[in-house]
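Atoms considered below: every heavy atom in the structure, side chains included; atoms not considered: hydrogens, waters and symmetry mates.
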Amino acid sequence: MQLSIMLKESDKATLQTQIFDQIRAMILNGRLRGNDPLPTTRELSAQLGVSRNTAVLAYERLVSEGYIRTKPYVGTFVAPDLPDTAFFSSSAPETAPAAPAPLKDGGLTEPLRDMRTHRLADPDRRRLVADFWVGKPDARSFPLKAWSHHIKARLKSAGSELTTYSDPAGLLELRQAIAKHLAPARGVVCDPEQIIIVGGCQDGFNLVGRLLVTPGSPAVVESPCYQGAAYVLESLGAKLHPVPIDRDGLDVTMLPQVEGAVAYVTPSHQYPVGVTLSLQRRIELLAWATQYNAYIMEDDYDSDFRFVGSPLTALKGLDRNERVIYLGTFSKCMGPGLRLGYVVAPRRLVESFRRMKMLMNNGQSWLEQAAMADFMSSGEFGRHLRRIRQMYRERRDALLASLHKHFGECEIYGEQAGMHLVWKLPDRFPSAAEVEAKGLAAGVGVCSLATGSALRFDSNDGGDRLLMLGFVALTEKEIEEGIARLATALRS
Ligand SMILES: Cc1ncc(COP(=O)(O)O)c(C=O)c1O
């Protein structure tokens, strides 16, 4: 067989690189498919008029980057297991820029590791009239003016801080500001030294997981739970122990009697259902962790927003035996694009956390940390929180009122706090997935648990009747219009 390869003497790239680039482009364009045979290096060198060694070196590079495989005594073939995402569209020109080589897990010819990932956003939903997507703050409320002021001021005064490595645990000023904020806001009393700045909760899950999970070690998760955390634990080889939740949160009587687990929980506003873990159960959960040497990973992702009563103390605030690792994020109250969050580590783990953070990425960007520290210590953060809390409360009220107006009495969970609530659909309605499909057809985005990044372990848990509605990124008018449209779509 012959490959259509054109070599140019005038090209700056070596002949070997030109052969490599063109065969790779044929694979990525789909012109060569998995398992397609390739000419032998002897045939290729004869066809192209290059030395055999040039062809051999080009093939060796394609093999080492995982594009092709050689089978001894049989021949050379296109690798069968390139992921779909490796391919350009068939209309892409052959000279399309090189895609990064797929990462390999283990030897050159091992298949790619198949990791499950959560959904962050769905670009198709941008065209919707109203999208009640969960977990998305109102981008319009980002304090842009104050933020650019702090960034500019820091840039002006930046010396070597801007360019050197600093403490992987994060900028001390920011850690001090967070410690000062956490005590009154969440009842978490800690030293700034216990705080590790991370790239959002997701980075925190990885940090905790890499430190505490070994292949086969037990990890307790809520059932259902947040995919982003469960998939990290799963990817590290943890054995997941799902524990059901009810109206009072995690059913602590179902906790496994195993030593040394990591337990991932969302006590303030359970993800996805929205219920709050009762005080009695908090105490029992802490006692379980002490008894079985477990660490609890408390994800307090949207606790800045509590609309009914005073803010509940975080589980960490009750933690006398230092079994709780607290995770907070600026993704919800500022914006997820910042990629800033924090972990409050038990004292005995602080040094290990710092070292692991160093191994992972040497810490977060200095400039954003500095701006966040200034934004907090100037008092602007507190004012910003109060302002958006009020705005989000009004949006939540608008959603509850619209649901009531169009659907009558609704069974709602999780409306006291957070950025989304959950509606248990009445029996006369189809399943949440079907409601979601009808909504989308009418230009309204609502989420079933699966779309809302929730992981279910029990198909009989009633989760297919739960509809998640994020309300903070829509105006009251958009909320009313969205729910009215949904009602019309469901009637038809
Ligand atoms: C329950 C829960 N925890 C954590 C996160 C992740 O937040 P971050 O942006 O801080 O990684 C999310 C994101 O939506 C979430 O829903």
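- Side-chain atoms of Gln364 and Arg339 form no donor-acceptor pair, as typed in the model, at a separation below 3.5 Å.
- Closest non-hydrogen pair, Ala261 versus Val220, comes out as CB-CG2, 4.4 Å.
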Practice problem: List the steps, then state whether side chain to side chain contact (heavy atoms under 4.5 Å, CB included) holds for Phe305 with Lys332. | Solution: CA-CA 9 Å; Phe305 310 113; Lys332 308 300 176 188; 4.3 Å; yes

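- In this structure, the side chain of Gln18 engages the main chain of Ala13 through a donor-acceptor pair within 3.5 Å.
- With hydrogens and angles disregarded, no donor-acceptor distance shorter than 3.5 Å links the side chain of Gln369 to the backbone of Gly170.
- Ion pairing between Asp374 and Arg154 holds under the 4.0 Å rule for side-chain N and carboxylate O.
- A salt bridge is defined here as a Lys NZ or Arg NE, NH1 or NH2 lying under 4.0 Å from an Asp or Glu carboxylate O, and Arg175 with Glu193 fails to meet this definition.
- No donor-acceptor pair under 3.5 Å is formed between the side chain of Glu222 and the backbone N or O of Cys225.
- Atom CZ in Phe132 sits 14.0 Å away from atom CE in Met468 (nearest 0.5 Å).
- A donor-acceptor distance shorter than 3.5 angstrom exists from the side chain of His269 to the backbone of Gly414, with no hydrogens or angles considered.
- With no hydrogens or angles considered, no side-chain donor-acceptor pair links Asp138 and Ser141 at under 3.5 Å.
- For the atom pair CD1 (Ile68) and CG (Asn35), the distance works out to 13.0 Å, reported to the nearest 0.5 Å.
- Between Thr70 and Pro72 the shortest heavy-atom distance is O-CD, 3.7 Å.
- Within the 4.5 Å cutoff, side-chain heavy atoms of His384 are placed close to those of Pro143.
- Summarising the geometry, atom OG1 belonging to Thr163 is positioned 9.5 Å from atom CH2 belonging to Trp366; distances are rounded to the nearest 0.5 Å.
- A heavy-atom distance below 4.5 Å is not found between the side chains of Asp464 and Ser448.
- Here the straight-line distance linking atom CG of Asp302 with atom OG1 of Thr266 works out to 9.0 Å at 0.5 Å rounding.
- The shortest distance between side-chain heavy atoms of Leu327 and Tyr301 does not fall below 4.5 Å.
- Enclosure of atom CZ in Arg355 is not indicated, since only 12 or fewer non-hydrogen atoms of other residues, nucleotides or ligands lie within 6.0 angstrom.
- A 4.5 Å side-chain heavy-atom check between Thr76 and Pro37 finds every atom pair outside the cut-off.
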Quiz item: side-chain hydrogen bond (donor to acceptor under 3.5 Å, both in side chains) between Asp299 and Tyr271: does it pass, once the steps are laid out?
Solution: CA-CA 9 Å; Asp299 179 2; Tyr271 198 92; over 6 Å; no

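- Between the side chain of Gln22 and the backbone N or O of Ile19, no donor-acceptor pair lies under 3.5 Å.
- Cation-pi contact between Arg116 and Tyr231: absent, since separation from the ring centre below 6.0 Å together with deviation from the ring axis within 45° is not met.
- Among all heavy-atom pairs drawn from Ala146 and Phe375, the shortest one is CB-CE1, 3.8 Å.
- When the options Asn206, Asp203, Asn362 are evaluated for a side chain to side chain donor-acceptor pair (under 3.5 Å) with Lys357, the one that passes is Asp203.
- For an aromatic pair to be called close, the ring centres must be under 6.0 Å apart, and His181 with Phe381 satisfies this.
- Closest heavy-atom contact between Ala55 and Leu44: CB-CD2, 4.2 Å.
- Shortest non-hydrogen contact noted between Leu212 and Ser217 is O-OG, 4.2 Å.
- In this model, a donor atom of one side chain and an acceptor atom of the other lie less than 3.5 Å apart for Glu436 and Thr451.
- Between Phe330 and Tyr342, the gap from one ring centroid to the other is short of 6.0 Å.
- In summary, Arg33 and Asp36 do not engage in a salt bridge, as defined by a charged side-chain N under 4.0 Å from a carboxylate O.
- Nearest heavy atom pair, residue Val350 against residue Ile196, reads O-CD1, 4.3 Å.
- Ionic pairing of Glu481 and Arg485 is present here: one or more N-O contacts between side-chain nitrogen and carboxylate oxygen are shorter than 4.0 angstrom.
- Using a 4.5 Å cut-off on side-chain heavy atoms (C-beta onward), Arg456 and Ser223 make no contact.
- Side-chain contact between Glu322 and Leu349 is absent, with no heavy atoms from C-beta onward closer than 4.5 Å.
- Counting only N and O atoms by type, the side chains of Thr54 and Gln16 include no donor and acceptor under 3.5 Å apart.
- The CG atom of Asp167 sits 9.0 Å away from atom CE of Met358, with the distance rounded to the nearest 0.5 Å.
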Exercise. Using the side chain to side chain contact (heavy atoms under 4.5 Å, CB included) rule, take Met372 and Trp147 through it: C-alpha gap first, then chi angles, then the decisive distance, then the call.
Key: CA-CA 8 Å; Met372 194 66 221; Trp147 192 256; 3.8 Å; yes

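- For the pair Arg69 and Phe77, the cation-pi criterion (under 6.0 Å, within 45° of the ring axis) is not fulfilled.
- Between atom CD1 of residue Ile245 and atom CG of residue Leu250 there is a gap of 8.5 Å, rounded to the nearest 0.5 Å.
- You'll find the side chain of Lys136 stays beyond 4.5 Å of the side chain of Val472, heavy atoms only.
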Exercise. Evaluate the salt bridge (charged side-chain N to carboxylate O under 4.0 Å, His left out) criterion for residues Arg465 and Glu434: first the C-alpha distance (whole Å), next the side-chain angles of each, then the deciding distance (0.1 Å), finally the verdict.
Key: CA-CA 10 Å; Arg465 305 220 52 81; Glu434 287 168 82; over 6 Å; no

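- Put simply, the side chain of Val344 does not reach to within 4.5 Å of the side chain of Ile325, judged on heavy atoms.
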